[in-house]
Amino acid sequence: MTSPALTATVDLGAIAHNLDVLRNASHAPVMAVVKADAYGHGAVPVARAVLAAGAAELGVAHITEGIALRAAGIDAPITAWLHTPGADFDAAIANDIEVALSSPRQLEAVVAAARRAGVRASVTVKVDTGLNRSGVAVDEWDVFVREIAKAHAEESVVLRGVMCHLARGDEPGHPLNDEQAGRLDRAVDDLTRAGVAPEVVHMANSPAALTRPDLARDMVRPGIALYGRTPIPERGDFGLIPAMTLSAQVALVKNVAAGEGVSYSQTWIAPRDTVVAVVPAGYADGVPRLLSGHLRVRIGERLFDGIGRICMDQLVIDLGPDGAGVREGDEVELFGTGRHGGPTARDWADAIGTIDYEIVSQIGNRVVRSYVDPQAPGPAADDDSTGDPRRAAGGGQGDARRPDDWGGEP
Ligand SMILES: *Cc1c(COP(=O)(O)O)cnc(C)c1O
C-alpha cells in the first residue's frame, strides 16, 4: 500500500474539544474562523467538524473562501470581511455569504449587487475601533451610518451584525480592549438611533474569548484557539489540544564520513562518521528555511537534530554513528501535540522569532491532510460508509493515526 511522503494529520476531535473550551470560557456562541484554509488545517473538513460540534457560524476573510465552503455543501451562516473593489458581491449574495463592510464604497457596491439580484442583502458592519486596519474609519462613520440607514429603508440591505477586531486581545488587561469595546457599543447605539439596530454584536478573538467573557457581547470569533494553540503562551495552554501533527517518512538513510559537508553550502560538517536520514519536507512545504540548524524531530521515542540547510523539498537529520535503528520509511514527527516531549509548532515559532499561527498556516499544498475523526465510523465500517463526507474529506487516507499512538508503532 502506498502512503504519502508528508502528512499533516488533523485531529478533528481535538478541534471539537477546543470549541468546548472556548464556549465554556466565553459563555457565548462561536463563529469559528476558518480563513486561510482553516489556518492550514483544511477549511471544509474543519468547518464540518466545528459545525457538528456546535459552532453557530463560520468566518472567513475573502468572499471566495466562503463560496468554496458553500460549494462543499456547507449551509451554515458564513461571514466574509475582507474585500477589494474587484470583489464579487453578486456571488456573495447568490451564495448567501454575509458581507462585513469596511467603507461606504463597499456598502455602495453591495447595494448595487442587491438591486441587480432583486434581493435584500444581509450585511455586517465592521467598525474600526482602534486596530486601524480594516473596518469603517472614524472619519467615514457618520456618512456610513447615513448611507446604511438609507439602504435599509430602501430595503436593499438588512443589518445583521456589527463587529470589530481587537488590537491587543492577547493582553487581556490592557485598557485598549475596553476602549475598543466602548467604541463598538457606541457604534451600535449610533446605528440603532438611525433605525438600523443589529441582531448580533461581536469582537472577541481567541485570547479575548478565553480571558474576557465580558467582551463577548452576542458571539465570539476565535481562530487559533480552535486549532489548539494558545494565543497567550504566558497564560498556559487553557486546556487546548494542538490539532495538527506534521509527519514525514524517511526517504533515505545513508552513511556520511567524518569531514563531509551536508546540504547546500555545506554549513554542517560531519564531526565523525555518522548516519543521516533525508526527510521529504522543505520550505515549500512550510518548514521555514530559517530553522536550519535549529530543527529537532522525533522518530519513535528519540529526538534527532536537523543538519545543514533546509532545502525546498527536503532536509537532513543526523541519526548518529549507529544510525539509531532508523530505517527508510520510518515515520518522522516534525511537530505535533508536544506530548512525550515531541517538537511543537511553537518550538519552531520561538526558534525563528514568529508565532505558531504563521507556522501552521504556511503548511503547503503538497502536504497531504489526513483527518482523524473520533465521530466517524471506524475501519470496520469503512466498506459500507464510502459515501461518508467526513471520510471523503480525509482524502481517503485510511492510515490516519492519533499522535498518541505513535510511540507504540512497531
Ligand atoms: C483572524 C481573525 C479572527 C480570529 O483571530 P484569532 O486570533 O486567530 O482568534 C477574528 N476576527 C477577525 C476579523 C480576524 O481577521
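Throughout, numbering of the chain's residues begins at 1 and tracks the sequence. In each ligand, atom 1 is the first atom listed, and ligand 1 is the first ligand listed.
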Apply side-chain contact (heavy atoms from CB on, under 4.5 Å) to M203 and M163, showing your working. CA-CA 5 Å; M203 76 187 106; M163 66 185 277; over 6 Å; no
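With a 4.0 Å heavy-atom cut-off, ligand 1 is reached by no atom of M203.
For ligand 1, the atoms sitting less than 4.0 Å from at least one non-hydrogen atom of I224 are 6 (P), 8 (O), 9 (O), numbered in the order shown with element in parentheses. Within the listing of ligand 1, atoms 15 (O) sit less than 4.0 angstrom from a heavy atom of R133.
Residue contacts with ligand 1: P207 is placed with no nitrogen or oxygen under 3.5 Å of a nitrogen or oxygen of the ligand (distance criterion only). Close N/O approach between G223 and ligand 1 is found [any backbone or side-chain N/O within under 3.5 Å]. Checking only distances, K35 does come within under 3.5 Å of ligand 1, N or O to N or O.
For residues 21-32, the set of pairs meeting the salt bridge (Lys or Arg N to Asp or Glu O under 4.0 Å) definition, not counting sequence neighbours, comprises D20-R23.
In this structure, P222 is part of the shell of residues with a heavy atom less than 4.0 angstrom from ligand 1.
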N/O donor-acceptor pairs under 3.5 Å from side chains in residues 133-145, not counting sequence neighbours:
from, atom 1, to, atom 2, distance (Å)
E140, OE1, R105, NH1, 3.3
E140, OE2, R105, NH1, 2.5
W141, NE1, D190, OD2, 2.8

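The protein heavy atom nearest to atom 7 (O) of ligand 1 is Y357 CE2, 3.7 Å. Looking at atom 10 (C) of ligand 1, its nearest protein heavy atom turns out to be R221 O, 3.3 Å. Nearest to atom 13 (C) of ligand 1 among the protein's heavy atoms is W81 CE2, 3.5 Å. In this structure, atom 8 (O) of ligand 1 lies nearest to the protein heavy atom Y39 OH, 2.5 Å. The closest protein non-hydrogen atom to atom 9 (O) of ligand 1 is S206 OG, 2.5 Å.
In summary, R346 and D356 do not engage in a salt bridge, as defined by a charged side-chain N under 4.0 Å from a carboxylate O. Salt bridge annotation for E57-R160: present, with a cationic side-chain nitrogen under 4.0 angstrom from a carboxylate oxygen. D313 has a carboxylate O that lies under 4.0 Å from a charged side-chain N of R366, or vice versa, which qualifies the two as a salt bridge.
Within 6.0 Å of atom CG in D189, more than 12 heavy atoms from other residues, nucleotides or ligands are found, so the atom counts as buried in its surroundings.
Using a 4.5 Å cut-off on side-chain heavy atoms (C-beta onward), V46 and Y227 make contact.
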